[in-house]
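Residue numbers start at 1 and run along the sequence shown. Values reported hereafter were calculated over all heavy atoms of this structure, with side chains retained and with hydrogens, waters and symmetry mates removed.
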Amino acid sequence: MIKGLGITTVWTLDQERTKRFFTEKLGFEVRTDLAMGPMRWVTVGAKDQPDVELALMSPDGPAMDEESAAALKTLVSKGVLGAGAFRTDDCRGDYEEFKARGVEFVQEPKERPYGIEAIFRDDNGNWYSLTERSEELDFSKDFGLTPEG
């Protein structure tokens, strides 16, 4: 039976730069960084969650044909890929700290039915939710699904 998520992929056009983004700006730790034949395997993770890793993957690896790699590079470069949601106990505080470290936010913290959420981009343009979850849903708050939200 599945016990949970262990590793998920974050696409990057520069593994070293992305490793620095996650470690220096977000405070993650490097879990693995090694050469595996023609590819480099780099994983990072949140210090308080040792069982989950982000694999910082380059589309140039041997598992992808040239046409698919080019298409993926285009999507990453355009900043249209959402890579996930990170949980926090203090969205506003983390927003201020990460912003001071140079993290690009596309949405400042906002009240949502599920909690407080800010949206940021990594060094490749992948976007993430930074969410402080509330105890219960509050449908009087806007989901932010419109340009005004």
Side-chain angles (χ1 to χ4, degrees), residues 1-135 137 143-145 149:
M1 296 298 290
I2 294 174
K3 295 186 178 196
L5 179 67
I7 300 174
T8 191
T9 300
V10 170
W11 293 106
T12 175
L13 302 178
D14 183 330
Q15 288 175 304
E16 189 61 32
R17 185 189 70 211
T18 301
K19 182 176 81 168
R20 283 193 310 272
F21 174 86
F22 277 97
T23 58
E24 295 173 10
K25 296 190 181 211
L26 301 184
F28 281 38
E29 60 187 13
V30 174
R31 303 279 171 75
T32 310
D33 189 347
L34 60 95
M36 295 175 56
M39 69 176 270
R40 181 176 174 199
W41 181 252
V42 180
T43 67
V44 296
K47 293 177 181 174
D48 292 336
Q49 193 176 27
D51 57 333
V52 177
E53 298 175 73
L54 304 178
L56 309 180
M57 297 294 293
S58 170
D60 294 325
M64 195 171 296
D65 62 83
E66 286 184 36
E67 181 182 355
S68 298
L72 185 54
K73 286 178 189 177
T74 298
L75 291 172
V76 170
S77 296
K78 288 174 97 173
V80 298
L81 299 179
F86 293 115
R87 293 186 313 247
T88 179
D89 291 332
D90 183 6
C91 184
R92 288 183 176 94
D94 286 348
Y95 166 81
E96 293 297 335
E97 183 175 339
F98 295 157
K99 191 172 175 185
R101 292 181 190 172
V103 174
E104 175 196 355
F105 279 85
V106 296
Q107 177 196 287
E108 63 187 33
K110 298 213 180 214
E111 300 276 341
R112 300 291 184 216
Y114 43 84
I116 302 168
E117 177 185 55
I119 307 290
F120 69 92
R121 293 189 182 281
D122 69 15
D123 62 301
N124 296 284
N126 299 310
W127 60 269
Y128 304 82
S129 168
L130 179 63
T131 305
E132 179 182 337
R133 301 267 318 251
S134 57
E135 296 278 328
L137 292 174
F143 274 102
L145 301 177

Exercise for the section: May I ask you to check whether over 12 heavy atoms, not counting those of Arg87, lie within 6.0 Å of atom CZ? Expected result: no
Problem - Trp127 side chain reached by Leu81 side chain, heavy atoms, under 4.5 Å - result: no
Practice task
Using only heavy-atom distances, determine whether the side chains of Thr18 and Asn124 contain a donor-acceptor pair under 3.5 Å.
Solution key: yes
Practice task
Give a yes or no on this: more than 12 heavy atoms of other residues, nucleotides or ligands lie within 6.0 Å of atom CG of Asp89.
Solution key: no
Exercise for the section: Check the pair Ser129, Glu117 against side chain to side chain donor-acceptor pair (under 3.5 Å), reporting the backbone distance first and the verdict last. Expected result: CA-CA 6 Å; Ser129 168; Glu117 177 185 55; 2.7 Å; yes
Practice task
For the residue pair Thr131 and Cys91, establish whether any side-chain heavy-atom pair is separated by less than 4.5 Å.
Solution key: no
Problem - Whether over 12 other heavy atoms sit under 6.0 Å from Lys73 NZ - result: yes
Problem - Residue pair Val10 / Tyr128, side-chain heavy-atom distance below 4.5 Å - result: yes
Exercise for the section: Report yes if some heavy atom in the side chain of Val76 is under 4.5 Å from a heavy atom in the side chain of Thr12; otherwise report no. Expected result: no
Handout entry: Arg40/Leu34 under side chain to side chain contact (heavy atoms under 4.5 Å, CB included): CA gap, chis, key distance, verdict
Key = CA-CA 6 Å; Arg40 181 176 174 199; Leu34 60 95; over 6 Å; no
Exercise for the section: Quick one: sort the Phe22 and Phe86 rings into parallel, tilted or perpendicular, breaks at 30° and 60°. Expected result: perpendicular
Practice task
Using the side-chain hydrogen bond (donor to acceptor under 3.5 Å, both in side chains) rule, pick out the option among Glu97, Lys99, Arg92 that qualifies with Tyr95.
Solution key: Lys99
Handout entry: CZ/Arg121: more than 12 non-hydrogen atoms of other groups inside 6.0 Å
Key = yes
Practice task
Measure the shortest side-chain to side-chain distance between Gln15 and Lys19 over non-hydrogen atoms and say whether it is less than 4.5 angstrom.
Solution key: no
Fill in the blank from the handout: CZ (Arg112) and CD (Gln107) are apart, to the nearest 0.5 Å, by 4.5 Å
Handout entry: Phe105 and Ile119, any side-chain heavy atoms less than 4.5 Å apart
Key = no
Fill in the blank from the handout: Per side-chain contact (heavy atoms from CB on, under 4.5 Å), Phe120 is matched among Leu130, Val106, Asn126 by Leu130
Problem - Trp11 vs Pro59 side-chain heavy atoms within contact, under 4.5 Å - result: yes
